[in-house]
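In what follows, a single structure is set out as structure tokens and then discussed.
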Amino acid sequence: MKLDDKGKKAYLKMVKDEMPPTKHLATMSKAFILGGTICCIGQAISDLLHLAMPTLSEKDIGSYTILIIIAITGLLTGIGVYDKIGNWGGAGSIVPITGFANSIVSSSIERKREGVILGLCSNMFSVAGPVIVIGITSSVIVGLIYWIIGLFA
Amino acid sequence: MKNHTIIFDNPVSISATTTIAGPKEGEGPLHKYFHNIIKDDLLGQKSYELAEIKMHIYAIRNLLNNAHLTQEDIDCIFSGDLLDEIIGSNYTMREYDIPFFGLYNACATFGEALIMGATMISNGVMERVICSTTSHFSTAERQYRNPLELGSQRPPVAQWTVTGAGCSLLSSKENSKIKITSATIGRVVDYGVTDANNMGSAMAPAAMDTIITHLKDTNRDLDYYDLILTGDLGQAGVRMLTKLMKEKNYDLNITNYDDCGVLIFNTEFQKTEQGGSGAACSNLVFNSYIYKQLKLGKLKKVLLVPTGALVSKISSLQGESIPAIAHAIAIEVM
Amino acid sequence: MSSILTYLQVFVVGALICTFGQVLINFTKLTTARILVIFLLIGVFLEAIGVFDIIKEFGKAGATIPIVGFGSTLAKGAIEGVKERGLIGAIVGGVEASGAGLGGAIVIGFVVSLFSKSKTK
């Protein structure tokens with residue numbers, strides 16, 4: 001039995017009214033705190049690298065910082081702690097590059113039982129795949145636009 | 001059969017039941033009613049799927065032992081689960097020599113099994129039948145939703161898939177006061193809900209449709225039953241059903257109405273949002289808590305309505321809405 | 001070591017970006033994957049129109065750690081690649097610049113998951 005479109009609309013409105021409210025203040029404050037903290041940790045890592053290896057370029061410090069953050073995230077995901085952090089902080093854990101790293105590590109861990117090649121490796125990007133595809137594609141488009149502009153300048 | 005309802009001329013005894021509950025369920029409000037509670041939901045196996053199969057094998061073995069029967073005494077087993085191709089049940093039955101019908105109606109599978117088993121026995125085709133289902137939080141999560149270690153927040157409408165296995169023995173040889181007297185077979189109902197996290201709202205219309213059909217076919221009112229028990233609508237789904245029934249002039253508030261998903265967890269302390277769900281949810285609650293109340297005479301007429309959301313990973317992604325089904329089984333003390 | 005004020009700037013910028021993400025989660029039904037893509041594209045766009053440098057100047061890690069920073073790295077790499085190498089730089093530049101994030105995630109992801117198991121919830 002299917003409802004017609006009018007009936008569906010009416011039901012979906014009823015559903016919306018009955019659904020438990022989202023705790024906006026709580027979730028947004030937690031995202032605020034966690035996001036800011038993660039970024040400060042990143043800043044601290046950059047500063048420490050600058051002190052330890054003053055000859056490194058800005059670019060390389062940036063790269064090392066990202067690598068270290070990804071490694072920490074990977075470790076926390078591997079020992080089963082990161083999902084608790086994510087559950088608490090929501091977007092505060094998803095939006096920083098930690099979210100990207102966590103999605104890669106968690107997807108691979110999940111499918112390890114199906115074997116290393118066909119399980120772990122095949123599924124590594126099941127959540128983060130769009131980031132790679134859209135990221136690279138959009139950067140290429142930007143590059144192309146700049147190249148075309150360059151032709152006319 | 002009257003319209004969509006089978007009225008059993010020979011009501012069918014539910015002679016024995018058994019349940020195995022997961023650790024989280026074992027910390028819930030019904031923990032003292034479960035026959036067994038496992039501490040490790042991996043059960044020492046290599047994967048959660050193997051653990052689910054192991055639970056199912058143990059449950060069937062426990063039921064046979066409790067009823068002092070061997071597998072040769074059982075004419076058929078009707079069972080199902082939530083795994084793709086119901087491999088859980090298939091591999092479980094590889095360990096037994098009992099003729100097997102594998103069923104799938106998502107979380108309503110237990111209802112489907114009870115109706116099919118009862119029909120076979122009531123008509124004398126079979127004498128002893130086992131009806132069983134399993135589900136497991138970790139196998140359902142990885143199949144339908146996210147990797148377990150992904151740090152995402154569960155939305156407030158989400159439900160927690162129950163980890164457990166349960167079996168009922170229906171028999172014409174071992175008599176019991178607790179009998180299945182009638183059953184209404186549900187039909188697929190789709191009210192357009194597309195949010196795969198909001199199962200309760202997708203299933204409530206199916207529950208409404210089946211309950212009303214049952215009442216009309218049996219010429220009964222809501223207050224005929226001591227308890228009307230839906231499978232896993234969850235807290236919000238319960239509100240949706242109450243509203244939907246009211247629109248059709250049935251007031252659920254006058255009767256004793258509850259939901260297995262709401263009963264099985266303490267949603268506040270256990271952080272299970274809307275409550276439990278899964279093929280084992282209605283099974284665990286009925287075969288432990290409700291069966292005990294029927295045995296003690298505290299409940300005499302129960303309408304069990306397992307509900308199922310008929311969704312697959314792909315159907316959601318392709319933007320399809322979620323159809324649902326609910327079966328109603330009337331169990332009475334005679 | 002940066003000053004306390006700098007850390008405050010980092011905190012605020014990072015926190016605001018993440019809170020915006022939480023707003024999206026709360027008011028729409030966006031999943032993790034879609035949120036990652038949206039913020040990535042914001043980063044690409046802001047870098048393309050030249051605005052991201054200002055935000056980075058003020059917010060430092062608060063701007064580069066969120067995935068918007070990854071998007072800006074990609075876009076910046078493509079732009080500079082075009083400047084240095086012409087047309088081929090459009091493809092090569094972005095991938096090269098984001099190599100640390102991408103390569104690192106793959107290798108670390110692979111090694112960590114070899115030694116880990118998913119846990120009971």
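The chains referred to below are lettered A, B, ... by the order of the sequence lines, with proteins before strands, and numbering in each begins at 1.
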Tell me if the [atom1] atom of [X] is crowded by more than 12 foreign heavy atoms within 6.0 Å.
X	atom1	result
Ile61(A)	CD1	yes
Leu114(C)	CG	yes
Leu25(A)	CG	no
Leu151(A)	CG	yes

Sort out for me which of [options] touches chain A most, counting heavy-atom pairs under 4.5 Å.
options	value
Ser98(C), Gly89(C), Ala90(C)	Ala90(C)
Tyr7(C), Phe39(C), Phe27(C)	Tyr7(C)
Ile17(C), Val107(C), Leu87(C), Val44(C)	Leu87(C)

So which part of [X] gets closer than 4.5 Å to some heavy atom of chain C, the side chain, the backbone, both or neither?
X	answer
Ala101(A)	neither
Lys59(A)	side chain
Leu120(A)	side chain
Ile70(A)	both
Arg113(A)	side chain
Phe125(A)	side chain
Thr65(A)	side chain
Met124(A)	side chain
Val127(A)	both
Thr27(A)	both
Asp83(A)	side chain
Leu144(A)	both
Ile141(A)	neither
Ile134(A)	both

Note, [X] side chain near [Y] side chain (heavy atom, < 4.5 Å):
X	Y	result
Phe110(C)	Val116(A)	yes
Leu24(C)	Ile35(C)	yes
Ile25(C)	Ile94(A)	yes
Leu46(C)	Val68(C)	no
Asp53(C)	Lys76(C)	yes
Pro66(C)	Ile97(A)	no

For chain C, which candidate among [options] shows the most heavy-atom pairs at distances under 4.5 Å?
options	value
Gly150(A), Ser138(A), Pro130(A)	Ser138(A)
Leu51(A), Val131(A), Val105(A), Asn102(A)	Val131(A)
Gly80(A), Ser93(A), Cys121(A), Ser139(A)	Ser139(A)
Gly143(A), Gly36(A), Gly35(A)	Gly36(A)

Lys/Arg-Asp/Glu bridge criterion (N-O < 4.0 Å) met for [X], [Y]:
X	Y	answer
Glu80(C)	Lys83(C)	no
Arg85(C)	Glu96(C)	yes
Asp17(A)	Lys13(A)	yes

Portion of [X] that has a non-hydrogen atom of chain A nearer than 4.5 angstrom:
X	result
Phe20(C)	neither
Ile38(C)	neither
Val112(C)	side chain
Ile91(C)	both
Ile67(C)	both

Review point. How many angstroms lie between atom OG of Ser108(A) and atom CG of Asn123(A), to the nearest 0.5 angstrom?
Key: 8.0 Å
Check your understanding: Does Lys60(C) have any salt bridge (charged side-chain N to carboxylate O under 4.0 Å, His left out) partners at least two apart in sequence or in another chain, and if so, which?
Key ->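 Here no residue qualifies.
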